[in-house]
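What follows is a short report on a single structure.
Since the model is a prediction, treat every value here as computed from it, not as a measurement.
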Amino acid sequence: MATSSLRASGPRESGIDAALLILRLTLGIFTLLHGVNKLPTPPGYIVDMLAKANLPAALAWGVYVGEIVGPVLILVGVWTRLGALFIVLNMLVALVLVHSGELFQLNKQGGYALELQAFYLMTAVALMFSGAGRYSVGGRYGPMN
């Protein structure tokens, strides 16, 4: 019994929690920079893309949910899974509206044309499944962590 309680806070779990912190900081900071750059009102190009897709212009405000609210939740480590879901939804909309023609393309160097977008999306998916980890305000077992 003592062995299992030692395992619950052993070096492997600390390493996983540290890795989750690094993922949260990386995704949160980089995504937040995209959102802050779009302040104070949604850029016209987002409104135009929504109009071309026959979607209401009001949806442009959703970019702030995925690029400001979600990253802040992830950085703080409260409702991390929800924050990650916001980023996943934001990235899926961006892929459909902006990058759908590049989904199956390689760049000039032979890498995937959307590797940065794929990084944001898959890191957010990973955090949706994992939660924040121990090094967060919400803790390992906090609400939606």
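Looking at heavy atoms from C-beta onward, L32 lies in side-chain contact with V72 at the 4.5 angstrom threshold. Counting heavy atoms from C-beta outward, L95 and E102 have side chains that stay 4.5 Å or more apart. For the pair I22/T26, a side-chain contact is recorded, criterion being any heavy-atom separation below 4.5 Å from C-beta on. Counting heavy atoms from C-beta on, the side chains of Q105 and L114 never come closer than 4.5 Å. Contact annotation: the side chain of K38 approaches that of Y45 to within less than 4.5 Å [non-hydrogen atoms, C-beta and beyond]. Counting heavy atoms from C-beta outward, I74 and W79 have side chains that stay 4.5 Å or more apart. Y141 is not listed as a side-chain neighbour of N145, based on a closest heavy-atom distance of 4.5 Å or more.
Under the 4.5 Å side-chain contact rule for hydrophobic residues, M122 and L127 share a cluster. L106 and F119 are not part of a single hydrophobic cluster, where members link through side-chain heavy atoms under 4.5 Å apart. Under the 4.5 Å side-chain heavy-atom criterion for grouping Ile, Leu, Val, Met, Phe, Trp and Tyr, V96 is not connected to V65 through any hydrophobic cluster.
The minimum heavy-atom distance between A124 and A84, with the atom names listed, is O-CB, 3.3 Å. Across all their heavy atoms, A132 and L20 have their closest contact at O-CB, 3.6 Å. The heavy-atom pair separating D17 from R134 by the smallest distance is OD1-N, 3.0 Å. Across all non-hydrogen atoms, the minimal contact from G66 to I87 is O-CG1, 3.3 Å. Minimum interatomic distance between G28 and P71 (heavy atoms only, all atoms of both residues): O-CB, 3.4 Å. Between A57 and V47, the closest heavy-atom pair is CB-CG1, 3.7 Å.
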Trace of the side chain to side chain contact (heavy atoms under 4.5 Å, CB included) decision for M128 with T80: CA-CA 7 Å; M128 265 180 33; T80 301; over 6 Å; no

Under the side chain to side chain contact (heavy atoms under 4.5 Å, CB included) criterion, do L89 and V93 qualify, and how do the steps go? CA-CA 6 Å; L89 295 173; V93 169; 5.6 Å; no

Residue pair V98, M49: steps toward the side chain to side chain contact (heavy atoms under 4.5 Å, CB included) verdict: CA-CA 8 Å; V98 182; M49 283 186 287; 3.2 Å; yes

Could you go through V69 and Y64, starting from their C-alpha distance and side-chain angles, then the distance that decides it, and tell me whether this counts as side chain to side chain contact (heavy atoms under 4.5 Å, CB included)? CA-CA 6 Å; V69 175; Y64 296 125; 5.8 Å; no

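At distances below 3.5 Å, not a single donor-acceptor pair connects side-chain atoms of R140 with backbone N or O atoms of G133. The main-chain N or O of E67 is never found under 3.5 Å from a side-chain atom of N90 such that the two would form a donor-acceptor pair. A donor-acceptor pair under 3.5 Å is formed between the side chain of S130 and the backbone N or O of A126. Panel note: side chain Y112, backbone A118; no donor-acceptor pair is recorded below 3.5 Å.
For A51, the side chain to side chain contact (heavy atoms under 4.5 Å, CB included) criterion is met by no residue, not counting sequence neighbours. H34 meets the ring-ring contact (aromatic ring centres under 6.0 Å, His included) test with Y120; sequence neighbours excluded.
Between atom CG of residue D48 and atom CG of residue L97 there is a gap of 11.5 Å, rounded to the nearest 0.5 Å. H99 NE2 to Q117 CD: the interatomic distance, rounded to the nearest 0.5 Å, is 4.0 Å. Note that the CG atom of L27 and the CG atom of L121 stand 10.0 Å from one another [nearest 0.5 Å].
Each of I29, T31, N37 was scored for a side chain to side chain contact (heavy atoms under 4.5 Å, CB included) with L33, with one residue passing: I29.
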